[in-house]
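Note sheet for the following structure.
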Protein chains: 2
Amino acid sequence: MTSTRYLEIADKLAVEIDGCRPGTRVASEPELAARFGVGRAAARAALQELERRLLVRRVQGAGTFVNRRIDYVISHSRPPSWHTTVEAAGATPRSHIKSVERVPLPAGRAAHLDRAAGTPMHRVIRTCYIDDLLATWIEEWIPVEVAPDLDLALHSVESIDLVLRQMGRVSPVRAWCRASVDIPPPEVLRGLGVEASVPVWLVDSVSRDEGTGQVLMASSAWTRADAVRVVVELSDTVYPEENA
Amino acid sequence: MTSTRYLEIADKLAVEIDGCRPGTRVASEPELAARFGVGRAAARAALQELERRLLVRRVQGAGTFVNRRIDYVISHSRPPSWHTTVEAAGATPRSHIKSVERVPLPAGRAAHLDRAAGTPMHRVIRTCYIDDLLATWIEEWIPVEVAPDLDLALHSVESIDLVLRQMGRVSPVRAWCRASVDIPPPEVLRGLGVEASVPVWLVDSVSRDEGTGQVLMASSAWTRADAVRVVVELSDTVYPEENA
DNA sequence: GAGCATTTGTCCGTATGTATT
DNA sequence: CAATACATACGGACAAATGCT
């Protein structure tokens, strides 16, 4: 089939990997070179090929490990909550608040939030983890009036969705979102713990209160494409999943 | 900043490339090696980095060329037409019919098309081009009753949307879609003219007639991520674009 | 904390294969 | 056919990050 050695090796490894649990160690470059009788370059190319296929993650000094990618499903009918969405995919969500500031709403965000520029806002920066692996960097904007003591509440509760429901007595629903894949700016790349340029999801989102229609939150989330497959469903029609 | 030579070179080239027209030739590996005083390995790594950033395309034997990526915007309010969507992004669409068969509707597709398995269908395979570059491989399913002579009509008109409007006297609107990024199966990769594993969009879509609500078409489109950035908008709220 | 082995990351030089022009 | 340019591959070397002693 393939005339190139490293693709043969990659295909063979892909089959072996297939059943393994995420986090399982894959043979190192020197091990593969010895096993298949090739140089380190070819062994390395094979592992890099698997990395491009999102089947493994490679960490300098540590090794190469079987990767897991979850489906992050966005639709009108699902709650706009990171924790809920990750749990729905069968994985364990965790998030870490990097900062909560009170800042006036910048003009560029005013349209999303349906408020005048200058309105007092909470600006929350979070990093989110899936099964303890860094996956997402989120910037969230929430009007101070919606949850005055948001900064205090976030010390004890991780989920912003939950805090809004409890403190703000509202029911956030996803009113709008725009999802795409891009190469993020270097500062976001660093925030996500990747050096080289890898594809990353950018999801811009606006949440409203189900009852009043009031805008509760606007956010921009950068998510590693090797950690999640974002699936956007345009309408609420639900079709049975097909097995690939 | 960066301690690695090839990233320095890549960053420098990225700036130089920035203003160039798509298709412009980029310096070859040996040229870069000489210019920056590095080996061919580092020069090559720099060009591969630019390829990962989707800034260039590389063709064996030909060279490295500045790439263009268009926004393919999908939303409820936009027509489900490949030609229209590509034109809206300011590029030139073209498509080539690979095959039109009459086949009974397979069970896996029945739900999407709201018809019983076995219903007579047209199955159309198309490859689509943006500015004469192969970008998309589409499989489309259309009930024979909707457009009995579809196979004949497609000899003269490229756009299926147009054919349905004229022959079928219907107005297709996007009723549902599911968009994600994946590594396609080898046969699709070959159909898209890529050898190594590159990220590709998979957009599954269902179109209905605006008037009657009848399902007109279901399709699966694989699109090269270096050719388009698919942007899915969940509701019809339109916000002003922000300049990155 | 220091030291060490392991593993991936970067880079050199060189050679050959293969596709394009 | 020849020249060019990218793809693959070898061998060797050192750097940098990780994990363990």
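Values below: all heavy atoms of this structure, side chains included; hydrogens, waters and symmetry mates excluded.
- One can place CZ of Arg58(B) at 18 Å from P of dT4(D), the figure rounded to the nearest angstrom.
- One distance of note links CG of Asp18(A) with CG of Leu55(A); it measures 8.5 Å at 0.5 Å rounding.
- Distance, Leu50(B) CG to dC6(D) C1': 15 Å, rounded to whole Å.
- Counting only heavy atoms from C-beta on, Arg44(A) has its side chain closest to dG9(C) among dT18(D), dG9(C), dA5(D).
- Looking at Val56(B) and Leu47(B), their side chains never come closer than 4.5 Å, going by heavy atoms from C-beta outward.
- Looking at heavy-atom distances under 4.0 Å, Gly61(A) makes contact with a base.
- Comparing Val59(A) and Gly63(B) along DNA chain D, the residue whose closest nucleotide (by nearest heavy atom) sits nearer the 5' end is Gly63(B).
- Taking atom CD of Glu29(B) as the reference point, atom C1' of dT14(C) lies 14 Å away to the nearest angstrom.
- Between the CZ atom of Phe36(B) and the P atom of dT10(C) there is a distance of 17 Å, rounded to whole Å.
- Applying the side chain to side chain contact (heavy atoms under 4.5 Å, CB included) test to Thr92(B) and every residue at least two apart in sequence or in another chain returns Asp131(B).
- We find that CD of Glu31(A) is positioned 10 Å from C1' of dT6(C), with the value rounded to whole Å.
- The nearest whole Å value for the distance from the CD atom in Gln60(A) to the C1' atom in dC14(D) is 12 Å.
- Taking atom CZ of residue Arg40(A) and atom P of nucleotide dC12(C), one finds them 15 Å apart after rounding to whole Å.
- Taking 4.0 angstrom as the limit, Thr64(B) places none of its side-chain polar atoms (N or O) nearer than this to OP1 or OP2 of dA5(D).
- Contact annotation: the side chain of Leu133(B) never approaches that of Arg224(B) to less than 4.5 Å [non-hydrogen atoms, C-beta and beyond].
- Considering only side-chain atoms of Pro30(B), the nucleotide from dC12(C), dA9(D), dC6(D) that sits closest is dC6(D).
- The nearest whole Å value for the distance from the CG atom in Leu47(B) to the C1' atom in dC6(D) is 10 Å.
- Checking dC11(C), dA7(D), dG9(C) against every side-chain atom of Ala42(B), the shortest atom distance belongs to dC11(C).
- Nucleic acid contact for Arg57(B): none, since no nucleic acid atom lies under 4.0 Å from a heavy atom of the residue.
- Thr4(A) has no side-chain polar atom (N or O) that falls below the 4.0 Å cut-off from OP1 or OP2 of dA9(D).
- In the set dC11(C), dA9(D), dC12(C), the nucleotide with an atom closest to the side chain of Arg5(A) is dA9(D).
- By the 4.0 Å N-to-carboxylate-O rule, Glu139(B) lies close enough to Arg109(B) to be salt-bridged with it.
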